[in-house]
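Sequence lines set the chain letters: A, B, ... in the order given, protein chains first and strands last, and positions in each chain run from 1. Keep in mind that this is a model prediction, so the values were computed, not measured.
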Number of protein chains: 2
Amino acid sequence: MLASPEHRLSPPDVQKIRAGMGASGKRVRQIERRCRAVGFKMTDVRRVLLHGIVEAGEGATAVEIWKVLRGMIAGHVPSQGSLQRNLNLLVEHGVLHRDVGSDRVWRYRVAPKDRPTLAVTFVDAGTGREIACHAPEVAELLRRIAARHGLAVREASITVAPSSVCAGEAR
Amino acid sequence: MLASPEHRLSPPDVQKIRAGMGASGKRVRQIERRCRAVGFKMTDVRRVLLHGIVEAGEGATAVEIWKVLRGMIAGHVPSQGSLQRNLNLLVEHGVLHRDVGSDRVWRYRVAPKDRPTLAVTFVDAGTGREIACHAPEVAELLRRIAARHGLAVREASITVAPSSVCAGEAR
DNA sequence: ATATCTGCAAACAGTTTGCGGCATG
DNA sequence: CATGCCGCAAACTGTTTGCAGATAT
């Protein structure tokens, strides 16, 4: 399982996208923004990947995307391994949706733009009063964990109690 | 790819089904009848397979069915190869339906009992008059070919013209 | 330094396929 | 004969995983 001596042959570069293609750079940048928003760090490979996803269109399979990339990139194309891995991550982060076609192959598509920042509310264990919680990081973490179980968070209410009250007494 | 010297170790036998199981023998015989109806020849292995399908319940996967069989048969259990092959055939013949679950694995279930002998009608190219065609073999052939493409025939109207009229002139 | 990312190739899982043997018509 | 079924094991296919070098924080 040993890899070849040379890694990262030549940095995958969005600039190397062949002229004429990449027409939808706008859409890509939009998705890119969304990635950052949900805490998905961008890299060269990933930026390139996004172009491939957009260019391949909705419902494309992993290899289809890869082939599209191979066609539109002049230099080095990300390995299928990295591609699949990043697709999975994008799904976990909720940027992409994924479902199986009748040929048992994953189809990817950009997730519908929901994101009303997801309603996270704290519920006071004692009074029952609700307190809105505008914490994108919390929302994101929940979304991430849920996604790991194939679920999508609709809303979350977190029962809390003043820190002075012991957990056991909470009601 | 050479097989071992001995084939058919011990004939798979429905009789060898462990006591207590096979409670749904009725349902099995019903499906068995349907198999014959669509021209799917029964064999020992296939009969056993049907028991497995029924016992495993709707939406079972191929290996699930196989495991169930392994649990309910005393003697020799059909190989997974044969099992899959026969499942495919059953799907082709329309006895089973098949679709993919969210884990990208085929799920099998007994096809809903439609079969109103499937309406096949001839439409006269000249007059537009419809002529019912009660030909189960035609219906079956269509069903089979359609199944090969993952489709299910709902109805078929075949435009025809009196044999004296050349195809090109038909309207 | 620690954490993350990537390429590569091996590993995986479910399914399909090729072959020889055998049984039946 | 010809046809078709079955067991076995190899082949296939899309996906996942382990490792080590590379990069970023």
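Distance B/H93 NE2 to D/dG4 P: 11 Å, rounded to the nearest Å. Regarding A/W66, its CH2 atom lies at a distance of 10 Å from the P atom of C/dC8, rounded to whole Å. The distance between atom CE of A/M42 and atom C1' of D/dT25, rounded to the nearest whole Å, is 18 Å. Between A/D103 atom CG and C/dT15 atom P the separation is 14 Å, expressed in whole Å. Taking atom NZ of residue A/K41 and atom C1' of nucleotide D/dA22, one finds them 13 Å apart after rounding to whole Å. What separates CG of A/L49 from C1' of C/dG7 is a distance of 15 Å, to the nearest Å. Whole-Å rounding puts the A/D44 CG to C/dG7 C1' distance at 14 Å.
Listed pair A/T61 / D/dG14 fails the phosphate criterion, with no side-chain N or O lying under 4.0 Å from OP1 or OP2. Proximity of A/T43 to the phosphate of D/dA24: no side-chain N or O atom is located under 4.0 Å from OP1 or OP2. Taking side-chain N and O atoms only, B/H76 has no distance below 4.0 Å to OP1 or OP2 of D/dC6.
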(request) Give the intermediate values and the outcome of side-chain contact (heavy atoms from CB on, under 4.5 Å) for residues A/V110 and A/R34. (result) CA-CA 11 Å; A/V110 186; A/R34 205 156 127 193; 4.2 Å; yes

Contacts under 3.5 angstrom, residues 62-69 of chain A side chains, donor-acceptor by atom type, not counting sequence neighbours:
from, atom 1, to, atom 2, distance (Å)
A/E64, OE1, A/T61, N, 3.0
A/W66, NE1, A/P78, O, 3.0

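Side-chain atoms of B/R98 never come within 3.5 Å of backbone atoms of B/W106 as a donor-acceptor pair (strictly under, hydrogens ignored). Within the 3.5 Å criterion, the main-chain N or O of A/E58 finds no donor-acceptor partner in the side chain of A/R109.
Across C/dT15, C/dC5, D/dG7, the shortest atom-to-atom separation from the side chain of B/V45 is found for D/dG7. Nearest nucleotide to the side chain of A/W106, out of D/dT16, C/dT15, D/dA24: D/dT16. The A/P78 side chain lies nearest to C/dG7 when the options are C/dC5, C/dG7, D/dT15. Of the candidates D/dC5, D/dG14, C/dT4, the closest approach to any side-chain atom of B/R104 belongs to D/dG14.
In terms of hydrophobic clustering, with Ile, Leu, Val, Met, Phe, Trp and Tyr side chains grouped at heavy-atom distances under 4.5 Å, B/V54 and B/V38 are assigned to a common cluster.
Residues meeting the side chain to side chain contact (heavy atoms under 4.5 Å, CB included) test with B/R46, sequence neighbours left out: B/F40, B/K41, B/M42, B/T43, B/N86, B/L89.
At least one side-chain heavy atom of B/L90 sits under 4.5 Å from a side-chain heavy atom of B/I53.
For DNA chain C, the residues of residues 79-89 of chain A within the heavy-atom distance limit of 4.0 Å (strictly under) are A/S79, A/S82, A/R85, A/N86, sorted by number.
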